Peer 1: 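Would you mind keeping the following structure in view while I ask a few things?
In what follows, chains are A, B, ... by sequence order, proteins preceding strands, each numbered from 1. Values in this document were obtained by computation on a predicted structure and should not be read as measured data.
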There are 2 protein chains.
Amino acid sequence: MNIGDVSERSGLPAKTIRYYEDIGLIRPQRGDNGYRRFDGADVHKLVFLARARSLGFTIEDCRALLALYEDRRRASADVKHVAQEHLTSIDRKIVELQTMRAALSDLVTRCHGDDRPDCPILEDLAGPVEEPTERPADGPQR
Amino acid sequence: MNIGDVSERSGLPAKTIRYYEDIGLIRPQRGDNGYRRFDGADVHKLVFLARARSLGFTIEDCRALLALYEDRRRASADVKHVAQEHLTSIDRKIVELQTMRAALSDLVTRCHGDDRPDCPILEDLAGPVEEPTERPADGPQR
DNA sequence: CTTGACCTTCCAGCGACTGGAAGTGCCATC
DNA sequence: GATGGCACTTCCAGTCGCTGGAAGGTCAAG
């Protein structure tokens, strides 16, 4: 099978498949014309990679998972460990985004969004308005 | 003020501040010794940038926001628009991560995580087990 | 024989920094 | 004045996971 077919079957762009070979995730054979020749096992691995990437695993995670996948004597604990760590990092990212979202959403609702210049979003970004500690005679007295 | 002081006040690494100058977000003066000299306005902008980046705005968003911040005749609608778009993209990312999280979390709970090799995580990654359409004489008949 | 689709390699770029090397300046102490 | 130690400078390379594009070779159809 040529790279085009494999690309279609795995859903991965040909460029990505070449890249995966580059970094040693797969090792397809080569034909006399120099074309890559993929067999069933290669396609299988690429499908595996596509799925793992879609779950957000890093390339290095994928490499580890692929090694475990190929090792019939693996311990499922090893697999679970990798997945668990990844789950934790996803959770961290979700929290981070939700924190951003909360702050931003508050600012957006407080902004009129008309043609006047005053805007709570810019005010927030500019930081706390420092009160003039110098020149106290200038402000309104009471 | 030298870059070290500004770094401390803005919370941005000196490297990042130099980078921001590189890409034209700030234009500090230079002293006779070649050192960057930052004034109050520069520090203000850097604080602004730090806050905007912490809300997840891209550098290009920051550039636009900074321009609006400096334009006293801006319309708050323009600011709101940028923020709104960013909010939408944050929401997209959250959904994406939550989708991953759900799938992954399911796999993790279903994996025993012991020293045996069978593992629902790997099974999922490997994709659906294709049933043997060839050699129909091999399967159980009914 | 030509066309056009497919394949190859190689290099550059994305975003937003970050690390490190090599060199200069500043300030304090001896 | 020499020395030490830090802060500052520039420049280049690397991160991650691709993606685009150039320049060229291969193959099957018409």
Peer 1: Would you call B:R18 and B:E21 a salt bridge, taking side-chain N to carboxylate O under 4.0 Å as the test?
Peer 2: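 No, no charged N to carboxylate O under 4.0 Å.
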
Peer 1: Do the side-chain N or O atoms of A:R36 get closer than 4.0 angstrom to the phosphate oxygens (OP1, OP2) of C:dC7?
Peer 2: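 So the side chain of A:R36 is outside the cut-off, no N or O lying under 4.0 Å from OP1 or OP2 of C:dC7.
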
Peer 1: Which atom pair, heavy atoms only, marks the closest approach of A:Y69 to A:R74?
Peer 2: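 Closest approach of A:Y69 to A:R74: O-NH1, 3.0 Å.
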
Peer 1: OP1 or OP2 of C:dT9 less than 4.0 angstrom from a side-chain nitrogen or oxygen of A:R30, does that happen here?
Peer 2: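 Yes, such a contact exists.
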
Peer 1: Between A:R18 and D:dT19, is there a side-chain N or O to OP1/OP2 distance below 4.0 Å?
Peer 2: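 False: A:R18 side-chain N/O out of range (4.0 Å or more) of D:dT19 OP1/OP2.
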
Peer 1: Any side-chain heavy atom of A:D91 within less than 4.5 Å of one from B:L97?
Peer 2: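 Contact flag for A:D91/B:L97 side chains = no.
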
Peer 1: Could you give the CD1-to-P distance, from A:I17 to D:dG17, as a whole number of Å?
Peer 2: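 Going from A:I17 (CD1) to D:dG17 (P), I get 17 Å.
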
Peer 1: Roughly how many Å is it from CZ in B:F57 to P in C:dA16, rounded to a whole number?
Peer 2: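 To the nearest whole Å, that distance equals 13 Å.
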
Peer 1: Check the distance between C:dT9's P and A:D22's CG and give it to me in whole angstrom.
Peer 2: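 Taking atom P of C:dT9 as the reference, CG of A:D22 is at 9 Å.
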
Peer 1: Output the rounded distance in Å from CD (A:E21) to P (D:dG17).
Peer 2: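 Distance check: A:E21 CD to D:dG17 P gives 18 Å.
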
Peer 1: Given D:dT19, is OP1 or OP2 found less than 4.0 Å from the side-chain N or O atoms of A:T16?
Peer 2: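 Affirmative; the distance criterion is met.
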
Peer 1: Is the shortest side-chain N/O distance from B:N33 to OP1 or OP2 of C:dC26 below 4.0 Å?
Peer 2: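 Affirmative; the distance criterion is met.
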
Peer 1: Please work out if A:I23 contacts a base, only the sugar-phosphate, or nothing of the nucleic acid, heavy-atom cut-off 4.0 Å.
Peer 2: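 Nothing, no heavy atom under 4.0 Å.
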
Peer 1: A:I59 CD1 to D:dT19 P: how many Å, rounded?
Peer 2: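 Roughly 11 Å, once rounded to whole Å.
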
Peer 1: Which one, D:dG20, D:dC18, D:dT9, comes nearest to the side chain of B:I3?
Peer 2: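 The answer is D:dT9.
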
Peer 1: Looking only at side-chain atoms of B:Y20, point me to the closest of C:dT8, C:dC17, D:dC18.
Peer 2: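 Nearest listed nucleotide: C:dC17.
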
Peer 1: Whole Å only: how far is the CD atom of A:E8 from the P atom of C:dA5?
Peer 2: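 Spelled out: CD on A:E8 to P on C:dA5 is 15 Å.
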
Peer 1: If you compare every side-chain N and O of A:T58 against the phosphate oxygens of D:dC16 (OP1, OP2), does one of them come in below 4.0 Å?
Peer 2: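 It does not, given that no N or O in the side chain of A:T58 lies less than 4.0 Å from OP1 or OP2 of D:dC16.
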
Peer 1: If only atom types and distance count, is the side chain of A:N2 paired as donor or acceptor with the main-chain N or O of A:G4 below 3.5 Å?
Peer 2: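 No; judged by distance alone, with no hydrogens or angles, the pair does not exist.
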
Peer 1: Separation of B:L46 atom CG from C:dC17 atom P, in whole Å?
Peer 2: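 These atoms are roughly 12 Å apart.
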
Peer 1: Rounded off to whole Å, could you give me the CG-to-P distance for the B:N2 and D:dT9 pair?
Peer 2: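 Roughly 7 Å, once rounded to whole Å.
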
Peer 1: Quick one: closest heavy-atom pair of B:L55 and A:A103, and the distance?
Peer 2: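 Minimum heavy-atom contact is CD2-CB, 3.8 Å.
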
Peer 1: Mapping A:D32 and A:P13 to their closest nucleotides on DNA chain D, which lands nearer the 5' end?
Peer 2: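 The residue closer to the strand's 5' end, by nearest nucleotide, is A:P13.
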
Peer 1: Side chain of A:Y35 only, please: which of C:dC17, D:dG20, C:dC6 is the nearest?
Peer 2: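 The answer is C:dC6.
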
